[in-house]
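When a residue number appears, it is its place in the shown sequence, counting from 1.
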Amino acid sequence: MKLIHLSDLHLGKRVNEFSMLEDQQHILTEILGIIDREEPQAVLIAGDVYDKAVPPAEAVSLLDRFLVSLARRQLQVFIISGNHDSPERLAFGGTLLAHSGIHLSPVYSGQVTPVTLTDRHGPVHFYLLPFVKPAHVRRCFPEGNIASYTDALAAAVAAMEVDTGARNVLVTHQFVTGAARCDSEELSVGGSDNVDAAVFDPFDYVALGHLHGPQQVGRETVRYCGTPLKYSFSEAGHHKSVTVVELEEKGRTAVRTVPLTPLRDMVELRGRYEDLCRRDFYQGTTYQEDYVHITLTDEEEIPDGVGRLRTIYHNLMQLSYDNRRTRAGEWSHGPEPAPRRSPLELLEELYEKQNGQPMTQPQRDFARGLMEEIWEGEA
């Protein structure tokens, strides 16, 4: 059985105030072309379908068109909600859509009923586990000792009563310990969202969403496919792709990737203003239409540098300087992202400034627990 693994579409996303909808439409069309060539039996979409819990109407229309295209190909499609999605909104119409082969994960209730497909080797059971926090799982299993994300996922998987003699696929959206993050992903409270990969041992393939860089975690069959597009300059070096999974008989699973080509790439350029404006530098490249972060090394600031550079680099997103002054003062032009710190780190900094001493470990533990309790109660 052949599967296509996608995740983190983030439909409706804006990057440095640039709408990505046109780019997303292009990449979904390219993905449909890959699906036509690969002829899979199922498509897995592992969360963060939208960029916001209440997505713009254009993003909803884009997803609608994509799902209609998949349904017309008579594919089975499995979709879960991620931390950016509203599970209630994404699950709307799920029972009706299932008749068209579109299977949406419901809001987590403690039960995950698998959807079973069959090939020449027998049944394959698909389990859809949306993004959950410990508080979500504790509500379903109040008698359990669920303190961490690993505890929560272990309890959720145990409740599935997976038949390990059959082939099983899990679609979920979590941060697995050991995976590499990038700047476009949300930080949790003090890094508390780590899940031990051992909880996924009953599954032949684990289709992960949440992290934007394509990667395996431990074994080859526990995999993040990554985003289909670059959503920050920390991803500029990524090679985006679609993951293709081929399930043979029990114990034999092959994983490979098919590269994606965006409408506009996301690139970082560096040099003197005069050099970057030379025709022989940018002609013959895609830089003029790519999303660009430019770092100028000129010692003097270029008047209206953003405006002047945009006459050449039409989608300039960010302009920085790297020279003697900036290395001394660490300043930049344009929308430079702030250093990434978790909410707990920000609270620790504020506490130390106000009290002249760092937080103690008991204070840190109390603050972390209180943050998680408040935010999980709102989810």
Side-chain angles (χ1 to χ4, degrees), residues 8 47-48 51-54 81-88 107-108 110 129-159 172-200 208-213 215 217-218 224 231-232 234 329-332 335-379:
D8 297 88
D48 281 358
D51 191 56
K52 294 181 178 179
V54 183
S81 55
N83 58 300
H84 280 253
D85 299 308
S86 162
E88 294 82 3
V107 176
Y108 185 69
L129 180 62
F131 175 74
V132 290
K133 297 181 179 181
H136 301 150
V137 182
R138 276 196 296 266
R139 286 196 291 267
C140 302
F141 306 103
E143 73 287 352
N145 181 22
I146 299 171
S148 67
Y149 275 74
T150 294
D151 295 339
L153 268 290
V157 169
T172 193
H173 190 96
Q174 299 289 164
F175 173 57
V176 180
T177 305
R181 293 185 185 267
C182 60
D183 287 349
S184 51
E185 299 149 3
E186 288 187 355
L187 287 176
S188 66
V189 181
S192 61
D193 58 348
N194 289 261
V195 175
D196 191 320
V199 303
F200 303 129
L208 292 168
H210 192 35
L211 300 189
H212 291 190
Q215 58 192 291
V217 188
Y224 291 99
Y231 287 133
S232 79
S234 67
E330 295 298 326
W331 61 274
S332 68
E336 182 79 27
R340 284 175 52 77
R341 289 177 292 174
S342 71
L344 182 59
E345 290 172 329
L346 293 172
L347 179 62
E348 288 178 309
E349 180 183 353
L350 176 63
Y351 181 92
E352 187 165 353
K353 286 181 178 178
Q354 289 184 329
N355 297 279
Q357 60 184 1
M359 295 174 70
T360 64
Q361 189 60 47
Q363 290 172 322
R364 191 176 295 110
D365 292 341
F366 175 78
R368 179 187 291 109
L370 188 60
M371 286 180 178
E372 290 180 352
E373 181 180 342
I374 292 170
W375 289 350
E376 290 169 358
E378 293 175 349

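Taken from CD in Q174 to CG in L211, the straight-line distance is 10.5 Å, to the nearest 0.5 Å. Interatomic distance, K133 NZ to R138 CZ, rounded to the nearest 0.5 Å: 11.5 Å. Atom CG of N194 is separated from atom OH of Y149 by 10.0 Å, given to the nearest 0.5 angstrom.
Take Y108 and apply the side-chain hydrogen bond (donor to acceptor under 3.5 Å, both in side chains) test, not counting sequence neighbours, and it matches no residue. With sequence neighbours excluded, the residues that form a side-chain contact (heavy atoms from CB on, under 4.5 Å) with A198 are D196, D201. With sequence neighbours left out, Q361 forms a side-chain hydrogen bond (donor to acceptor under 3.5 Å, both in side chains) with R364, D365. Partners of D51 by salt bridge (Lys or Arg N to Asp or Glu O under 4.0 Å), not counting sequence neighbours, listed by chain and number: K13. For S86, the side-chain contact (heavy atoms from CB on, under 4.5 Å) partners two or more places apart in sequence, or in a different chain, are A53, E88, R89. A search for salt bridge (Lys or Arg N to Asp or Glu O under 4.0 Å) contacts involving E352 returns nothing, not counting sequence neighbours.
Pairing each heavy atom of G110 with each of F141, the nearest pair is O-CZ, 3.6 Å. Between A154 and V199, the closest heavy-atom pair is CB-CG1, 4.0 Å. Residues V176 and Y224 approach most closely at N-OH, 2.9 Å, considering heavy atoms. Summarising the geometry of F200 relative to V195, their closest heavy-atom pair is CZ-CG1, 4.1 Å, with the distance given to 0.1 Å. Taking every heavy atom of both residues into account, L347 and A367 meet most closely at CD2-CB, 3.6 Å. Annotation for Y231 and D8: closest pair CE1-O, 3.9 Å, computed over non-hydrogen atoms.
The main-chain N or O of G47 is never found under 3.5 Å from a side-chain atom of S81 such that the two would form a donor-acceptor pair. With hydrogens and angles disregarded, a donor-acceptor distance shorter than 3.5 Å links the side chain of T172 to the backbone of L129. Remark: side-chain polar atoms of Q363 are not paired, donor with acceptor, to backbone N or O of E348 under 3.5 angstrom. Counting only distance, with no hydrogens or angles, the side chain of D48 and the backbone of N83 share a donor-acceptor pair below 3.5 Å.
Taking 4.5 Å as the limit, every side-chain heavy atom of V107 sits out of range of all side-chain heavy atoms of H136. Considering only heavy atoms from C-beta on, D85 stays 4.5 Å or farther from F131 through its side chain.
T150 and S148 form no side-chain donor-acceptor contact under 3.5 Å, judged by distance and modelled atom types alone.
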